[in-house]
Number of protein chains: 2
Amino acid sequence: MASAKTKSTIQDVAQLAGVSKMTVSRVLNNDAKVSDKTREKVQKAAASLNYLPNISARRLASSKSYFIGLLYENPSEGYVSQFLLSALKSCRQRGYHLVVDECQGSEQEKLQITRDLVEQTRVDGVILLPPFCNNLQVLALLDELKVPYVRVSPDANLEVSPFVCMDDYQAAFDMTNHLIDQGHQQIGFIVGHQNLGASRLRYQGFLDAMRSAQLAVPPSFIEQGQFSFKSGLQAAENMLKQDLRPTAIFASNDDMAAAVVSVANSLSLPVPEKLSVVGFDDTPLATTIWPHLTTIRQPITEMAEQAIDLLTSGQLTLPPSQRLSDLRHVIEFQLMQRDSVKHL
Amino acid sequence: MASAKTKSTIQDVAQLAGVSKMTVSRVLNNDAKVSDKTREKVQKAAASLNYLPNISARRLASSKSYFIGLLYENPSEGYVSQFLLSALKSCRQRGYHLVVDECQGSEQEKLQITRDLVEQTRVDGVILLPPFCNNLQVLALLDELKVPYVRVSPDANLEVSPFVCMDDYQAAFDMTNHLIDQGHQQIGFIVGHQNLGASRLRYQGFLDAMRSAQLAVPPSFIEQGQFSFKSGLQAAENMLKQDLRPTAIFASNDDMAAAVVSVANSLSLPVPEKLSVVGFDDTPLATTIWPHLTTIRQPITEMAEQAIDLLTSGQLTLPPSQRLSDLRHVIEFQLMQRDSVKHL
DNA sequence: CTGAAAGCGCTTACAG
DNA sequence: CTGAAAGCGCTTACAG
């Protein structure tokens, strides 16, 4: 163990590798042309010293701030905290720090908070969480300020910026097929809030899967919800108090699915024995209630990583024509099979 | 508006105030003796220039790191994210950054993560969230490393370090009295997980309030739970399937309270009409389900602020004899009245 | 492809 | 009570 009692510096690495600090710096930032031989020497030296660059020194000396901003609108959204935790971790691994701001209030205030984040903290890039990422004025401001940004699961205007998301349509399609595979043919669906693009996609995925399987969907098996537990309660009652009941209900999110379970219980329709229920999102609620919900896990950690990656790899600062990839970064979801579905 | 296009530095302030950088630095850190007159001059200059010290420069030059560590064990605990968000904000206001680490795994690994946080990131202080804050080996390590730390809601060993908490006993006492005020006399109680100090305190608060009101608590009105939804389900069934039923149930946390609501529904005992239910913690679940739960709000934001304050104000680095205050910092809770209690 | 010099914005010792 | 000097660990020009 070459244990260094005190943290090693770029100078130590330079000495050990027999080069100048400058060369070490170049290798570390792998931006300049360094001969493969010296590059290797430096890397070996850095590794053996367990060298980690001092972020503060870097920040002070360079034009980059090594800060990434994260803007969200509503902290109570389930994914905010999970996203935050993952983003924090990714940033740290890359020698960046995350600066987090809540963006609430009037349109004016939102713009001001965004502007402050850029001008005062001088962030190198910004991540915008939904629904904030759909605010076009904010996007325009960021463009004007020339700061790269990545949106997470935007609803529309997909052509204006890079974004990360999951395939809501495919997930709903797969989930529906899962129910069909388990022998269900009468499947009810509770639609999400009408203003959100994700609602439409999930609904469409459900419909297409049913059609592919040649299964009919009577109008009474579709209810409009708002994503809230309460709206799920209402929708479930409407659907379950009729004579012809579905054997399974697919709710567009977990809160509504939990409401379905609750209504089913009060109607003496135990889940999953008498009624199968599935949700979407895999919020903590899905594994709080009993039975645990079969649902779709949003790949939030991976989305956070990807977003940080895009912002720290520097590819977004290139002129659009030179960028590697297209704007859309779709991350794989996961179907979480748990205890709320019965095999018929 | 003395709008400075470019950020002002300590040098600018010094110039404007007609003193040296050194003097400005002293005023900013208010540690040395500076004459009131020059202090004022400097402060005025700094204010008019809208001066904010550059953290990175500070960090690089000084022995302090301006980092605070936050260690937690289980990210899914409801309060972790809320605490995190609040701590992030407080740190930023004070020119600090928060470094967050999950501390899971074997005892060995936990110790290693803690050690790395201190030795590599060189944090100026550490915040320990429950239940991690009850790990005595970690506390010993921190002592050995001579890093100040603050524990949040520790269960025991209250004499070894400063900590922030709320008064669980009083909160349970108040909540019970609230039910009594609403005319309830048959009140059931679901105890929390037996290993946690908070469970005992809440239970005791309930018992004492009942006794003060001269109200009897039949053994069948007390059920042991584990804080999980599932354990609440079981407890509620036991309590509600008897002939003699309580008119209100006080569950030691929101998850179990939600379970009570669920069981009540399935037994055709609508909440609050036929049964009142109250919880504890005010997790998101409390306002997800219907009816929204009357519960106790933990003052998480204030706890985070207080913890950061203790760590950044420097009072913890003084020898124990010179410290201002005692170890215990109790923050006020709030009784959130919502829709799950009926006035009899 | 590589290096010597200067400087980022602060603070730490050392003087006075 | 106040200041001139040196230095924290990097990167940005500028040379070669």
Side-chain angles (χ1 to χ4, degrees), chain A residues 4 6-43 45-46 49-67 94-97 120-122 124 314 317, chain B residues 4 6-43 45-46 49-67 94-97 120-122 124 314 317:
Chain A
T6 80
K7 228 168 176 172
S8 50
T9 72
I10 198 174
Q11 183 60 45
D12 301 330
V13 179
Q15 225 154 54
L16 187 66
V19 298
S20 73
K21 293 189 298 180
M22 204 46 251
T23 300
V24 177
S25 174
R26 286 200 181 91
V27 172
L28 260 31
N29 296 292
N30 58 273
D31 48 16
K33 321 116 222 279
V34 182
S35 81
D36 286 353
K37 212 175 116 199
T38 58
R39 173 180 307 278
E40 222 170 277
K41 260 195 315 191
V42 170
Q43 284 169 337
L49 287 175
N50 226 289
Y51 171 71
L52 285 176
N54 179 316
I55 312 173
S56 298
R58 226 176 204 179
R59 190 134 53 198
L60 191 57
S62 83
S63 53
K64 286 172 72 180
S65 78
Y66 293 92
F67 282 122
R94 291 170 178 72
Y96 277 70
H97 278 284
Q120 299 192 6
T121 311
R122 309 262 166 105
D124 293 333
T317 51
Chain B
T6 80
K7 231 167 174 171
S8 49
T9 73
I10 198 175
Q11 184 60 46
D12 302 329
V13 178
Q15 227 154 54
L16 187 64
V19 298
S20 74
K21 293 190 297 182
M22 205 44 250
T23 301
V24 177
S25 175
R26 287 200 180 91
V27 172
L28 261 31
N29 295 292
N30 60 273
D31 48 15
K33 321 117 222 274
V34 182
S35 81
D36 287 352
K37 212 176 113 196
T38 58
R39 175 181 304 277
E40 222 169 276
K41 262 194 314 193
V42 170
Q43 283 169 337
L49 285 174
N50 226 290
Y51 170 72
L52 285 175
N54 180 317
I55 313 175
S56 298
R58 226 176 205 182
R59 191 135 50 200
L60 191 56
S62 82
S63 53
K64 287 172 71 181
S65 76
Y66 293 91
F67 282 122
R94 293 169 177 72
Y96 277 69
H97 278 284
Q120 299 193 6
T121 311
R122 308 262 165 106
D124 294 333
T317 50

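Within every chain, numbering begins at 1; the chains are lettered A, B, ... in the order of the sequence lines, protein sequences first and strands thereafter. These values consider heavy atoms only, across backbone and side chains, with no hydrogens, waters or symmetry-generated copies. Note that this is a predicted model, so its numbers are computed, not measured.
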* Asked: Which nucleotides of nucleotides 11-16 of chain D have their base under 4.0 Å from a protein heavy atom (B), which only their sugar-phosphate (S), and which neither (-), written as one string 5' to 3'?
  -> SBB---
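The residue among B/D36 and B/L60 whose nearest nucleotide of DNA chain D is located toward the 5' end is B/D36. Between A/Q11 and B/V19, the one whose closest nucleotide on DNA chain D sits nearer the 5' end is B/V19.
Between B/T23 and D/dG3 there is a side-chain N or O to OP1 or OP2 distance below 4.0 Å. For B/T9, no side-chain nitrogen or oxygen approaches OP1 or OP2 of C/dG9 to under 4.0 Å. Regarding contacts with the backbone of D/dT2, a side-chain N or O of B/S35 is found under 4.0 angstrom from either OP1 or OP2.
Contact between A/V34 and A/R26 at its shortest, heavy atoms only, is CG2-CB, 3.8 Å. Summarising the geometry of A/Y96 relative to A/F67, their closest heavy-atom pair is CD2-N, 4.0 Å, with the distance given to 0.1 Å.
Nucleic acid contact class of A/T38 (heavy atoms, under 4.0 Å, all strands): sugar-phosphate only.
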* Asked: Does the pair B/L49 and B/Q15 meet the rule for a side chain to side chain contact (heavy atoms under 4.5 Å, CB included), with working shown?
  -> CA-CA 11 Å; B/L49 285 174; B/Q15 227 154 54; over 6 Å; no
* To do: Start with the C-alpha distance between B/T121 and B/H97, add both sets of side-chain angles, then the distance that settles side chain to side chain contact (heavy atoms under 4.5 Å, CB included), and finish with yes or no.
  => CA-CA 11 Å; B/T121 311; B/H97 278 284; over 6 Å; no
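Listed by chain and number, the residues in a side chain to side chain donor-acceptor pair (under 3.5 Å) with B/T9 amount to none (sequence neighbours excluded).
Each of B/S20, B/S25, B/P53 was compared with B/I10 under the side chain to side chain contact (heavy atoms under 4.5 Å, CB included) criterion, and only B/S25 meets it. Partner of B/V13 under the side chain to side chain contact (heavy atoms under 4.5 Å, CB included) criterion, out of B/T23, B/V19, B/V24: B/V24 alone.
Here C/dC8 presents its C1' atom at 15 Å from CD1 of B/I55, a figure rounded to the nearest Å. The CD atom of A/Q15 sits 13 Å away from the P atom of C/dG3 (whole-angstrom rounding). The nearest whole Å value for the distance from the CG atom in B/N54 to the P atom in C/dC8 is 12 Å. In this entry the distance linking CG of B/D12 with C1' of C/dG9 reads 10 Å, nearest Å.
Using modelled atom types and a 3.5 Å distance limit, the side chains of B/R122 and B/S65 yield no donor-acceptor pair.
When base pairs are accepted only as Watson-Crick or G-U wobble with both N-N or N-O distances under 3.5 Å, DNA chain D takes part in stems of 3 or more pairs at C:1-3 with D:14-16, C:5-12 with D:5-12, C:14-16 with D:1-3.
Considering CD of B/Q43 and OG1 of B/T38, their distance stands at 9.5 Å, rounded to 0.5 Å.
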